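Supplied in structure tokens, the structure appears directly below.
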Amino acid sequence: MITILLTVVALIVLLLIVAAMKPNTVHYERSLVINASPETILPHINDYHKWIAWSPYEKLDPHMKRTFDGASEGKGARYAWEGNSKAGAGKMEILEASASGVTMDLRFTKPFKSDCIARFTFVPEGSSTKVTWSLDGPNIFMGKVMSVFMNMDKMVGNAFEEGLADLKAIIEK
């Protein structure tokens with residue numbers, strides 16, 4: 001019995017040590033070329049009302065409570081959500097919006113508190129635009145522990161890829 005207890009304690013300590021050695025910040029990023037100009041893409045990103053049509057996070061809870069305030073679009077537009085355990089809760093505010101991209105202050109409140117910066121950058125490629133969706137923020141301890149068991153870049157990246165593909169489909173329609 002003591003051997004089992006010591007083994008469990010040793011595994012927990014090992015897990016905590018491995019988690020503590022993870023980086024203190026995270027960066028997730030995915031890109032996709034959309035056959036449209038940056039000016040055509042911008043309204044779909046700098047107006048939070050339009051996110052319902054393409055954001056993968058909007059699909060996590062069909063009964064999610066949404067609040068929009070501040071500017072209707074662009075700098076100063078704010079969006080807050082509160083959903084089920086998959087959607088969590090938080091708020092976003094657009095800090096900058098232009099033909100080169102959109103930068104947002106993203107604050108998660110549930111299931112864990114975390115403050116991040118999300119960006120959409122637009123790089124013209126002929127008559128198309130390379131759209132890059134990125135997220136930068138602190139790697140909180142719970143995030144470090146979770147990353148021991150799952151590939152967070154793949155999880156977040158898959159959501160970004162899905163959202164960019166849906167955005168592309170809407171814009172190229």
Side-chain angles (χ1 to χ4, degrees), residues 25-111 114-139 143 146-147 150-173:
T25 60
V26 295
H27 174 80
Y28 307 112
E29 177 180 304
R30 295 297 187 274
S31 299
L32 185 68
V33 174
I34 297 178
N35 297 318
S37 69
E39 293 79 14
T40 302
I41 298 166
L42 179 62
H44 295 274
I45 296 173
N46 78 346
D47 181 346
Y48 288 129
H49 296 91
K50 294 184 178 181
W51 283 49
I52 295 168
W54 63 266
S55 173
Y57 300 106
E58 293 290 334
K59 299 173 187 173
L60 296 176
D61 180 1
H63 305 292
M64 187 163 38
K65 179 183 171 197
R66 297 171 183 87
T67 307
F68 302 91
D69 64 1
S72 60
E73 63 182 45
K75 185 175 181 174
R78 292 188 297 269
Y79 169 65
W81 74 94
E82 189 169 342
N84 61 22
S85 62
K86 289 182 182 178
K91 58 186 178 180
M92 297 189 285
E93 180 175 354
I94 295 178
L95 302 175
E96 297 175 29
S98 70
S100 63
V102 178
T103 300
M104 292 164 264
D105 178 31
L106 171 58
R107 296 175 183 264
F108 297 100
T109 55
K110 289 181 184 175
S114 181
D115 298 340
C116 303
I117 295 293
R119 287 186 181 86
F120 288 84
T121 55
F122 310 141
V123 177
E125 292 187 353
S127 61
S128 298
T129 304
K130 180 180 178 183
V131 179
T132 300
W133 186 356
S134 65
L135 178 79
D136 293 280
N139 195 7
M146 288 173 49
S147 72
M150 53 184 115
N151 183 335
M152 297 302 290
D153 181 71
K154 184 175 180 182
M155 188 174 82
V156 174
N158 286 347
F160 284 10
E161 289 169 5
E162 177 186 341
L164 289 169
D166 288 349
L167 181 65
K168 177 181 175 86
I170 288 167
I171 292 171
E172 293 181 359
K173 208 187 284 186

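Because the structure is predicted, anything quoted here is derived from the model rather than measured.
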Check: Counting only heavy atoms not in K75, do more than 12 fall under 6.0 Å of its NZ?
Finding: no
Notebook entry, point to check: Counting only N and O atoms by type, is there a donor-acceptor contact under 3.5 Å from the side chain of T109 to the main-chain atoms of A89?
Noted result: yes
Notebook entry, point to check: In Å and rounded to the nearest 0.5 Å, what is the OH to NZ distance from Y28 to K154?
Noted result: 14.5 Å
Margin query: Restricting to non-hydrogen atoms, name the atom on F122 and the atom on A99 that form the minimum distance, rounded to 0.1 Å.
Written below: CD1-O, 3.4 Å
Item checked: L167 vs I45 side-chain heavy atoms within contact, under 4.5 Å -> yes
Check: If only atom types and distance count, is the side chain of T129 paired as donor or acceptor with the main-chain N or O of V131 below 3.5 Å?
Finding: no
Next item on the list: Kindly assign one of parallel, tilted or perpendicular to the pair W133 and F160, based on the angle between their ring planes and the thresholds 30° and 60°.
Entry: parallel
Item checked: Any donor-acceptor N/O pair, E125 side chain to K130 backbone, under 3.5 Å -> no
Checklist line | Any donor-acceptor pair under 3.5 Å from T132 side chain to S31 backbone | finding: no
Margin query: Rounded at 0.5 Å granularity, tell me how far CD in E29 sits from OG1 in T121.
Written below: 7.0 Å
Checklist line | Heavy-atom pair of closest approach, residues L42 and A97 | finding: CD1-CB, 4.5 Å
Note to self: What's the separation between atom CD in E82 and atom OG1 in T67, rounded to the nearest 0.5 Å?
What the structure shows: 8.5 Å
Check: Taking the side chain as C-beta and beyond, is there a heavy-atom pair between W51 and M92 under 4.5 Å?
Finding: yes
Notebook entry, point to check: Short question: side chain of D115, backbone of D105 - any donor-acceptor pair under 3.5 Å?
Noted result: no
Check: Per the side chain to side chain contact (heavy atoms under 4.5 Å, CB included) rule, which among V102, T103, L135 passes with R119?
Finding: T103
Checklist line | Main-chain N/O of V33 paired with K168 side-chain donor or acceptor, under 3.5 Å | finding: yes
Next item on the list: Ignoring hydrogens and angles, tell me if any N or O in the side chain of W81 forms a donor-acceptor pair with the backbone of K91 under 3.5 Å.
Entry: no
Checklist line | Minimum-distance pair of heavy atoms, taken over all atoms of P38 and P124 | finding: CG-CG, 4.0 Å
Next item on the list: Assign the ring pair F120 / W54 to parallel, tilted or perpendicular, where the plane angle (0 to 90°) is split at 30° and 60°.
Entry: perpendicular
Next item on the list: Find out whether L95 and I117 are in side-chain contact, i.e. whether some heavy atom of one side chain is under 4.5 Å from a heavy atom of the other.
Entry: yes
Check: Looking only at heavy atoms, what is the nearest atom pair of H27 and S134, with distance?
Finding: CE1-CB, 4.0 Å
Next item on the list: Before accepting this row, confirm whether a basic side-chain N of the pair R30/E161 lies closer than 4.0 Å to the acidic partner's carboxylate O.
Entry: yes
Margin query: Within the supplied structure, the quantity of interest is the number of heavy atoms (other residues, nucleotides, ligands) at a distance under 6.0 Å from E96 CD; does it exceed 12?
Written below: no
Checklist line | Nearest atoms (heavy-atom pairs only) where H49 meets S72 | finding: ND1-O, 4.2 Å
Next item on the list: Please round to the nearest 0.5 Å and tell me the distance separating atom CD1 of I171 and atom OG of S37.
Entry: 9.0 Å
Check: Got a second to check how far D61's CG is from K86's NZ, nearest 0.5 Å?
Finding: 9.5 Å
Check: What pair of heavy atoms forms the shortest contact from P43 to D47, and how long is it?
Finding: O-CB, 3.4 Å
Check: Is there a side-chain contact between E58 and R66 (heavy atoms, below 4.5 Å)?
Finding: yes
Notebook entry, point to check: Rounded to the nearest 0.5 Å, what separation is found between the CD1 atom of I41 and the CG atom of N46?
Noted result: 12.0 Å
